[in-house]
**Q** 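I'd like to ask some things about the structure below.
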Amino acid sequence: MAFTKEQIKEELGGILGRSIAGATDEELYGALLQLVQKFSDEKKTPVTGKKLYYISAEFLIGKLLSNNLINLGIYEDVRDILRENGKELSDLEEMENEPSLGNGGLGRLAACFLDSLATMNLPGDGIGLRYHCGLFHQYIGSGVQTEMPDKWLTNQCWAKKTDKTYKVTLAGKEYEARLYELNITGYEGRTNTLNLFDLDTIDESIIKDGINFDKKDIAKNLTLFLYPDDSDEDGRLLRIYQQYLMVSAGAQLILDECVKRGCNYHDLADYAAIQINDTHPSMVIPELIRLLGEKGIEFDEAVDIVTKTCAYTNHTILAEALETWPRRFLDKVVPQLMPIIEHLDRIARERDKNHPEVTGIIDKDQRVHMANMDIHFTHSTNGVAKLHTEILEKSELKDFYALYPEKFNNKTNGITFRRWLLECNPRLTNMIETRIGTGFKKNADELTKLLDYVDDEETLQELAEIKQANKTALAQWLEKKQGVKIDPQAMFLIQSKRLHEYKRQQLNLLYLIHEYYEIKAGHVPAHKIVSIFGAKAAPAYIIAKDIIHALLTLSKVIADDPDVSAWIQLVFVENYNVTAAEKMIPACDLSEQISLASKEASGTGNMKFMLNGALTLGTMDGANVEIAERVGNDNIYIFGESSHQVIDHYARADYCSRDWYEADPNLKRAVDFLTSDEMLAHGGIKENLERLKNELLNKDWFQTFPDFNAYIVRKNQAICDYAVNSRDWTRRALINIANAGFFSSDRTIESYNKEIWHLKEQA
Ligand code: 26V
């Protein structure tokens, strides 16, 4: 169903009740919101067959106006109508607050999946929470990160309040979860729903200085904040409250909808597929068993039904990130689930007599292992990239793999090209369209047709001009936003992702210090570089904040030294979020994906940069491995120890960072610089910098030192190649774009559907 320009004009006029030219930006934004609502409602159709429920604590959907206009096929018409009336769509985009309802990759993946499901006409809804504040707003003042609440809800909001509520009992008290519905538009496809739950009693006024609030009053604070992935004790208990609100209301919604469509509970698996996104929604398993019990279904059958209905995705092998809850927490918040969890634990121990302590649910210290419950009581466990799944099967979860080899499978992550190409890079989209037509928008594999153009001078010239225009646009945006001037003629190197030691922003930091010394000694790089970072550190993650502080301080040292700043600029983009990513990614020359091999489950930023014509500098980790496989070694810069070497070091506990420091004068020089007079003279805080230095010297848990030299060599090779042969660089960028089709989330969803969900494409 296509909407004509006339139809759009008429609808807009009707909603506004006045002329477009005479309306304010706010009125226009509100009118467009209503227009989208109306058009997208028309594409909601009754579901035939099974429906997927993607249940997730995070949906990092980003701004929705442009995305919805593009997906409804009315972007150009709306832009033109506005222009004809002296208005700019880009100004209206500014009106929208970004819903930052996720921490990073896991939440953004959920959002990409919803886009693909709707685009492919598959019935798949999301279930999550309507946080009043998304991920904190990051301010950079006096060289450190400070966190402020991100209150994004306004009167004009995409998530619509409904009159549907569900009763949820938390710590013995009953609460009412209210459903909000947000339309997910598919590109030329159907409309699905993101179901978000909230309490009516939340009170934003209890937020005090920064992001602190009284954590005791659940009725007032339950959905106030998205949980930042690393936090304090108090927060943990609140996290369980949040999770149970989501899964209990979600499970009731699922059962309700299925019954309305003819389900008799015994055949639930024919009506619903439930995908558990990491362990945050794992309590949906015992909750469904409990609810089915209330409907009169025997325990064993309920276990069977739930196992057939649910599937689990694992997103990390980091031990510290795997959720295990002290039993007393669950006893307090969800006593109604404990007898069920205990029963499941007994079944699990029966099934694995060889290693009950490894695969059991409740361990001897009375901690409840959520992932273990997921693997036993769902029919599918998947990793998110080939290497990640292999590590799960061979090491992290090997006892489970021995028990249930048939449950394990891989689903390499993907990204939606609608947001990460069509929306964020219209110049490149247009260039591709003029070469290979529009088929790639829904069939990403068609991008390989670009391989016919890798030696076409006109195409290469145009691609280089597009990259330049995007770099200039990023420079302008940064100047406006942060007052920072960067040289658009320099080479742009970007590392943007959450700040975490395993992602090794500190390796990049050490490189920059090394280059500082080299330039001082007269060894200048082959090309001027701008090294751009975007990263939020979890508020309680001290070392991560120290790394940010070191980067900010170093950027002042460099800026203050004309010898060095002629060659290097270090820029830290404040408050990195989806909106910032959409500006940064199309402007990147070299994408930094330098995690310690084996630690990054997949990464999805790596795919976004590749699709937008950046070359990757990376370790053989996560989906980098699959990127390398597709583009070939000449078109990617790989360095560093392999995942096997890293895993061996951990197994043998034979890594000693101090040995590396003592043995390598360049490394020693770079590490020592952290607490140098230059750093302290530029606002460096001694305590923080010493703490970081000591951490590296005495621990360096994520093994930056062994990769230090290889990183320098490979990175300088990339800079040299860029400087010496820009035509060849652009050619290789085009090869990357042409091979990015595999990383479309449409492919990922197709594979989930074929192997796990079995949904029917809707008419
Ligand atoms: C959580 C925590 C919690 C506390 C301590 C440290 C820590 C570190 C990491 C995490 C993240 C857990 C799950 C997650 O976000 N995984 C990410 O999922 C992406 C989508 O599959 C994937 O691309 C990323 O590689 C993976 O890190």
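Both ligands and their constituent atoms are indexed starting at 1 by order of listing.
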**Q** By number and element, which atoms of ligand 1 are closer than 4.0 Å to a non-hydrogen atom of H500?
**A** 6 (C), 7 (C), 8 (C)
**Q** What atoms in ligand 1 come closer than 4.0 Å to a heavy atom of G603?
**A** 22 (C), 23 (O), 24 (C), 25 (O)
**Q** Give the atoms of ligand 1, by number and element, whose distance to some non-hydrogen atom of L318 is under 4.0 Å.
**A** 8 (C)
**Q** With sequence neighbours left out, what residues match F705 under ring-ring contact (aromatic ring centres under 6.0 Å, His included)?
**A** none
**Q** Is the shortest N/O to N/O distance between S602 and ligand 1 below 3.5 Å?
**A** yes
**Q** Indicate yes or no: at least one non-hydrogen side-chain atom of Y404 is less than 4.5 angstrom from one of T381.
**A** no
**Q** Measure from NZ or CZ of K536 to the centre of the six-membered ring of F136, then state whether that distance is under 6.0 Å and the direction lies within 45° of the axis.
**A** yes
**Q** Is the ring pair Y54/F113 parallel, tilted or perpendicular, if the boundaries are 30 and 60 degrees?
**A** perpendicular
**Q** What atoms of ligand 1 come within less than 4.0 Å of a heavy atom belonging to Y502?
**A** 27 (O)
**Q** Which ligand 1 atoms are under 4.0 Å away from a heavy-atom of A601?
**A** 25 (O)
**Q** For the rings on Y53 and W757, is their centre-to-centre separation under 6.0 Å?
**A** no
**Q** Sequence neighbours left out, what passes ring-ring contact (aromatic ring centres under 6.0 Å, His included) with F572? Give chain and number order.
**A** none
**Q** Under 4.0 Å from any heavy atom of V384, which atoms of ligand 1 are there?
**A** 21 (O)
**Q** So W325 and M370, do their side chains get closer than 4.5 Å, heavy atoms only?
**A** yes
**Q** Looking at E600, which atoms of ligand 1 are within less than 4.0 Å of one of its heavy atoms?
**A** 24 (C), 25 (O), 26 (C), 27 (O)
**Q** Should the proximity of T313 to ligand 1, defined as any heavy atom under 4.0 Å, be assigned to the side chain, the backbone, both, or neither?
**A** neither
**Q** Considering T412, T316, L322 one by one, which has a heavy atom nearer to atom 12 (C) of ligand 1 than any of the others?
**A** T316
**Q** Please lay out, stage by stage, how E501 and K599 fare under the test salt bridge (Lys or Arg N to Asp or Glu O under 4.0 Å).
**A** CA-CA 10 Å; E501 289 165 279; K599 295 295 175 188; over 6 Å; no
**Q** Give the contacting part of N413 toward ligand 1: side chain, backbone, both or neither, where contact means a heavy-atom distance below 4.0 Å.
**A** side chain
**Q** Should A321 be counted as touching ligand 1, given the test is an N or O pair under 3.5 Å?
**A** no
